[in-house]
Every structure is written in C-alpha cells, then in structure tokens.
Amino acid sequence: MLLVDREITMKNLTIVSACDRNYHWGAFILAASCAKNLPTTPVHILQTGFTAEDIALLEQFPTVKVLPLEDNDPRNVANRKSEALLSASTEYVAWLDADCMVIGDISSFLLPTNGEFQIRMRQPAENAWVWRNHYAPGEAAGGLPQSVLKQWQADVGQLKVPLVNTTCVTNTFVLHQRHLDFIRQWKSQIAKVIPPSHAGVVDNRNPAYFMTDESVMSSLLAFSNIAPPISEFRLDREANRHVAHFGANPKPWKDWCLRHWYCHPHMMELFDWLQQSGHRTHPIPWSLQKKNRLPAHLRALAGDARARLRGTAGKVLRLVGVKKK
C-alpha cells in the first residue's frame, strides 16, 4: 500500500478537466470545490467558448488556471481529455469530468495505491447492462462481447490476449506522469476510430465504440502493450470524502434529479463558503439557491416518478411486442 502524505499529494498532483460553455457552471462548481477542499492543489480547466468573465470567475481561485482548447478538433470535448491531461507537469495528474464535485478532503484517496493508475472498472452486473444490446445470441453476459473484443484487438493491433475483460469509467481517474505516453496513445486511437464530428458522448452508430472516449480507453487497457497496471478505485468510498459525478440529466445547475439529491447539503455548504469567503459567481441558478430546497426536492421526486413510469411503460410495450410475434 502506498503511504500518502496529504501535503505531498496536494503539491505533486494536478486536477484537470475540460468543457465548453454549456458546462461553465459545472466547471465552476468543480473549481470551487477543489479550492475549498484541496486548497493547494493545482487545477487546470481547458475550455472552448468561455467569456472573459467566465474565465475570471474560475481564476479568482489562486490554484486554478484556465487554458484554451485548440480549435482543431470537431469532436465532443469528452474525446479531448488527453489535451487537459498533457497540460500538467506534476508527478501525478487526475482527470475529473466538468460535472464532478469534490466533497470533503479526498487527498488521502487521490494517489493510486500501486503508484501507477487509479480508475474504476465495471463489475460483471454493470458490464452486462452496458453491453446488453451487443451480446450475440446465447453469449454469456458480464464480460465483453466477443465481437467487440475482436474489433478492439484489430484496431489496437498490439496484444493478442486481452489484459482485462471489462470496461473502465473515465469520469474520474488518476495516473503517474510515466504513463503520459499511454495518454498520447489514447489521443491517437480516438483520432483513428472516432469520426471527426460532434456526435455526443454516446454514439450508437459506432457499436464497438459507442461510449466514445471510454470505449477507446477500455480497448487500450485490454490490448495496448503500454497499458498501465490498474489499482483499486478509492474516490467513491466515503460519504463525506469522495468525488460526486453528476452523470445523469438534469445537472444540478439546471435542476436536481433524485440520484444526485444527496449532494444538495454539500452544494449548499459550498455556496455558503463562497459567500463567506467573498468569492464572486454568475447569478446563482434557481436550483442552487438554499431557499428553494423544498420545491427543488419535490421536482426531483416528481422527475424520478416520471422516469420510473416511463420505464414500466417501456417494459410493458416490449412484453406486448414479444407476445404479438
């Protein structure tokens, strides 16, 4: 087990992210939560479309630096994470999506326990759900579909036998700078297999790579000859010290969904800290104002009920469709 000293961790690691202006509030929440909970850790936000005021609001935090994304890649920003990772010069670099929030002091969990690479790998049940539309008839669920493995091996063209039989989650990960060549390989592989257009984070037209950057990273962890050794993922373990990811819609700066509601007290604490410490913000959205807690919660409950109803209706329709055949 790697022994982690808090001050060493905070000085030898850079947190990076990237987004367009649609995620400015997300980037602000990420930067502010880092400033509050990791006050000496450098943060790089790469961006496209930000105004001068957007940048100033982020750079009011002393450790935050806002950098431009080069205007040479039409793909969704999710496929350009390598540019942010390569902007760091510290021993370790951590990627956090621009819809993440740091809750509490996570410094003791940041460094990979093997000193190499910390990323969350999916368990069989989650994998089975992710790839549910891609398994061949009769193929066992839980691992990777054989058709996908075959495509990945051909595209990567290095190892013959996969190192892993699962996929990774790329919203949060940490690696040592010795593995930046692997990040450069990720960048070049994305350029090779992801079409140069803004197709979103998920592109179902590209079955082996429908999760875009995440699929490409998974293909390299399986078949690259420079894939870093993977350590356990520790940034989701403690309720008061973890990285929250607002992966589902709506995002909290638009509205709350029930699965994110547990973060509401932490979000209010963050905005109290911003006010008390004299930091500036854009006009605070309705959903992030403390006085709107009750109606925001009711809207989250109603949204969850609607989603459950749609799910039930979809199951019924599928069953009816089966019976008609």
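No experiment lies behind these values; they were computed from the predicted model shown.
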message: Running the 4.5 Å side-chain criterion over Ile, Leu, Val, Met, Phe, Trp and Tyr, what cluster does Trp286 land in, apart from itself?
response: none
task: Using salt bridge (charged side-chain N to carboxylate O under 4.0 Å, His left out) as the criterion, list what pairs up with Asp304, not counting sequence neighbours.
output: Arg308
message: For Lys290, give me all partners under salt bridge (charged side-chain N to carboxylate O under 4.0 Å, His left out), at least two apart in sequence or on another chain.
response: Asp272
message: Give me the atom names and distance for the closest heavy-atom approach of Ile103 to Ala244.
response: CD1-CB, 3.9 Å
message: Enumerate the side-chain hydrogen bond (donor to acceptor under 3.5 Å, both in side chains) contacts for residues 20-31, please, sequence neighbours excluded, ordered by first and then second residue.
response: Arg21-Asp54
- prompt: Backbone N or O of Arg234 within a donor-acceptor pair of the Gln118 side chain at under 3.5 Å?
  reply: yes
Polar side-chain atom of Thr212 near backbone of Val202 as donor-acceptor pair, under 3.5 Å: no
- request: Report the residues that fulfil side chain to side chain contact (heavy atoms under 4.5 Å, CB included) with Arg132, sequence neighbours left out, ordered by chain and then residue number.
  value: Trp129
- request: For this output row, return yes or no: ring centroids of Phe173 and His179 closer than 6.0 angstrom.
  value: no
message: Is it the case that the ring center of His134 lies less than 6.0 angstrom away from the ring center of Phe210?
response: yes
- prompt: Rounded to the nearest 0.5 Å, how far apart are CH2 of Trp261 and CH2 of Trp256?
  reply: 6.5 Å
- prompt: Of all residues at least two apart in sequence or in a different chain, which pass the side chain to side chain donor-acceptor pair (under 3.5 Å) check with Asn165?
  reply: none
